[in-house]
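Beneath this line is the structure, given in structure tokens, with notes to follow.
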Amino acid sequence: MSQPLDGIRILDFTHVQSGPTCTQLLAWMGADVIKVERPGVGDATRKQLVDVEGADSLYFTMLNHNKRSLTLNSKTQAGKEVLERLVKNCDVLVENFAPGALDRMGFGWTRIQELNPRMIMASVKGFGPGPYEDCKVYENVAQCAGGSASTTGFHDGLPMVTGAQIGDSGTGLHLGFGILAALLHREKTGRGQRVLAAMQDGVINLCRVKLRDQQRLKAGPLREYSQHGENVPFGEATPRAGNDSGGGQPGRILKCKGWEADPDAYTYFITQAAVWKNICDVIDKPDWKEDPNYATPDARLPRLNEVFGTIEDWTMTKTKYEVMQICNPLNIPVGPILSMKELAEEPSLRATGTIVECDHPERGPYLSVGCPVKLSDNAVTVTRSPLLGEHTDEVLSKVLGYSDEDIASFKEVGAV
Ligand code: COA
């Protein structure tokens with residue numbers, strides 16, 4: 001069956017996490033992704049966090065499915081020649097080098113346009129134009145510089161980073177969106193363009209509701225934050241809100257049966273206004289349905305600690321799964337805190353391809369996250385990540401048209 005991006009060829013100059021997540025998504029949608037790596041070295045993540053001696057790491061394998069690997073030293077003369085031919089034969093160049101690296105290599109945007117005016121050049125950088133544009137950035141730096149760390153954690157504790165890789169994988173997603181838009185636009189104009197996704201911008205985008213709250217502060221305390229009920233004054237910036245939803249439907253993480261021994265025996269519980277009466281029945285507080293101190297969302301806001309404390313007295317008598325089984329039929333939104341172990345073992349996630357098992361010649365079977373977006377006509381088959389340089393000869397001959405003699409000479413001078 002044809003795939004949405006069949007016929008699109010990607011020159012994948014990405015490494016580590018942010019860029020590779022983007023090109024992996026494009027590969028899952030059918031693009032031919034040729035990952036260009038330094039001969040003998042490859043993407044640094046291949047040999048980071050190694051758990052099986054001699055094998056590519058999970059870090060690498062889980063970010064580079066469905067790609068081909070071409071080794072190329074783009075700083076040699078012959079390597080530059082091969083790279084030029086690649087630029088002429090690809091639709092999109094994706095890169096996440098440190099600022100200026102491509103220019104230093106001799107492949108800045110002006111040169112790319114000369115070689116292939118249809119080329120889309122897509123970059124992840126830490127920061128957009130401005131005072132920090134020359135800085136190198138990793139995940140947690142982006143979380144800190146994008147407003148996430150300042151608004152995560154408890155108001156009386158340190159700023160906190162989150163386990164979701166919003167700076168890397170989040171920016172990869174943003175970049176993928178930009179590439180698809182540029183490809184569609186090229187259909188109309190025949191021209192490529194530059195696409196930039198800065199990690200700081202991506203994190204700010206994902207923290208949009210916190211900028212909303214920053215502006216709401218002018219109108220007084222944020223009454224949806226539990227610190228309001230605790231009489232802790234607000235400062236000048238959006239504070240850390242702990243596990244408060246902080247939005248229109250207050251929610252918290254509450255203990256469930258077994259919490260003393262199990263670090264994940266918790267549920268998220270949302271006191272959605274529309275089902276307040278059902279909540280009162282479940283927690284055996286029927287009088288709260290009409291009591292003016294509890295009956296309306298506004299009345300409950302200064303009492304969130306008491307309200308959630310009472311709900312927790314009930315959730316502690318149930319497992320997190322029982323809470324879900326009881327609340328779901330009553331339309332009360334709750335969610336168990338699921339550990340990575342539980343997710344890895346969850347049959348329904350295996351059935352949908354969100355968690356997949358792959359086989360790898362060096363490491364054997366391993367689990368990965370499959371494509372998180374499902375298209376009704378285009379199922380994704382996840383194939384293992386390539387070994388370093390596994391497709392060098394294939395790409396040089398079949399895609400770029402080099403002869404066996406050419407390839408031998410490139411190898412002799414260490415260009416591939
Ligand atoms: N052949 C020859 N040289 C190559 C090459 C190849 N195939 N691939 C990379 N290189 C060179 C680059 O040209 C660069 O050389 P230069 O410094 O002389 O210009 C060098 O390798 C190092 O590349 P760089 O991107 O600077 O890697 P780094 O390890 O120093 O920095 C990051 C890593 C992630 C901090 C940096 O790339 C970065 O800030 N990227 C943008 C933001 C980003 O994506 N961060 C998240 C990563 S998950």
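First listed ligand is number 1; within each ligand, the first listed atom is number 1.
- Any N or O atom pair closer than 3.5 Å counts here, and N96 shares at least one such pair with ligand 1.
- Protein heavy atom at the shortest distance from atom 45 (N) of ligand 1 is V137 O, 2.7 Å.
- Near A101, meaning under 4.0 Å from any of its heavy atoms, are these atoms of ligand 1: 19 (O).
- Note on D56 versus R363: no salt bridge recorded, every NZ/NE/NH1/NH2 to OD/OE distance being 4.0 Å or above.
- The proximity of M105 to ligand 1, defined as any non-hydrogen pair under 4.0 Å, is limited to the side chain.
- For atom 16 (P) of ligand 1, the closest non-hydrogen atom of the protein is K75 NZ, 3.4 Å.
- Of the heavy atoms in L72, only backbone atoms (N, CA, C, O) come closer than 4.0 Å to ligand 1.
- Selection from G167, A98, G42, G19 by nearest heavy atom to atom 38 (C) of ligand 1 gives A98.
- Scanning all protein heavy atoms for the shortest distance to atom 9 (C) of ligand 1 gives F97 CE2, 3.3 Å.
- A cation-pi arrangement is found for R46 relative to F60, the charged atom lying closer than 6.0 Å to the ring centre and inside a 45° cone about the ring normal.
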Discussion item. Could you go through R111 and D103, starting from their C-alpha distance and side-chain angles, then the distance that decides it, and tell me whether this counts as salt bridge (charged side-chain N to carboxylate O under 4.0 Å, His left out)?
Written reply: CA-CA 9 Å; R111 180 77 186 120; D103 293 296; over 6 Å; no
Discussion item. Please determine whether salt bridge (charged side-chain N to carboxylate O under 4.0 Å, His left out) holds for the pair R68 and E390, giving the CA-CA distance in whole Å, both sets of side-chain angles, and the decisive distance to 0.1 Å.
Written reply: CA-CA 7 Å; R68 301 201 266 180; E390 187 173 345; over 6 Å; no
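- The protein atom (non-hydrogen) at minimum distance from atom 27 (O) of ligand 1 is H15 CE1, 3.5 Å.
- The shell of residues lying under 4.0 angstrom from ligand 1, judged by heavy atoms, excludes E139.
- At least one N or O atom of S74 sits closer than 3.5 Å to an N or O atom of ligand 1.
- Close N/O approach between V16 and ligand 1 is not found [any backbone or side-chain N/O within under 3.5 Å].
- The closest donor-acceptor contact from the side chain of D201 to the backbone of A198 lies at 3.5 Å or more, if one exists at all.
- Remark: ligand 1 and Q17 share no N or O pair separated by less than 3.5 Å (distance only, no angle test).
- The side chain to side chain contact (heavy atoms under 4.5 Å, CB included) test applied to D404 returns no partner, not counting sequence neighbours.
- Shown here is Y132, whose OH atom has no more than 12 heavy atoms of other residues, nucleotides or ligands within 6.0 Å.
- Screening N73, L72, D393 for a side-chain contact (heavy atoms from CB on, under 4.5 Å) involving V416 leaves a single residue, L72.
- Pairs engaging residues 392-416 under the ring-ring contact (aromatic ring centres under 6.0 Å, His included) rule: Y402-F410 [sequence neighbours left out].
- The aromatic rings of H65 and W28 sit parallel, their planes meeting at an angle under 30°, below the 60° perpendicular limit.
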Item to complete: For the pair K341 and E345, evaluate salt bridge (charged side-chain N to carboxylate O under 4.0 Å, His left out) and give the outcome as yes or no after the intermediate values.
Response: CA-CA 6 Å; K341 181 172 186 299; E345 293 165 356; 3.2 Å; yes
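- Set against the non-hydrogen atoms of N73, the atoms of ligand 1 under 4.0 Å away are 1 (N), 2 (C).
- Shortest contact from atom 33 (C) of ligand 1 to any protein heavy atom: Y138 OH, 3.5 Å.
- Residue nearest to atom 19 (O) of ligand 1, selected from R38, R104, K80, K136: R104 (by heavy-atom distance).
- Looking at L63, D43, D168, V41 and measuring to atom 46 (C) of ligand 1, the nearest heavy atom belongs to D168.
- The distance from ligand 1 to the heavy atoms of V124 drops below 4.0 Å at these ligand atoms: 41 (C), 44 (O).
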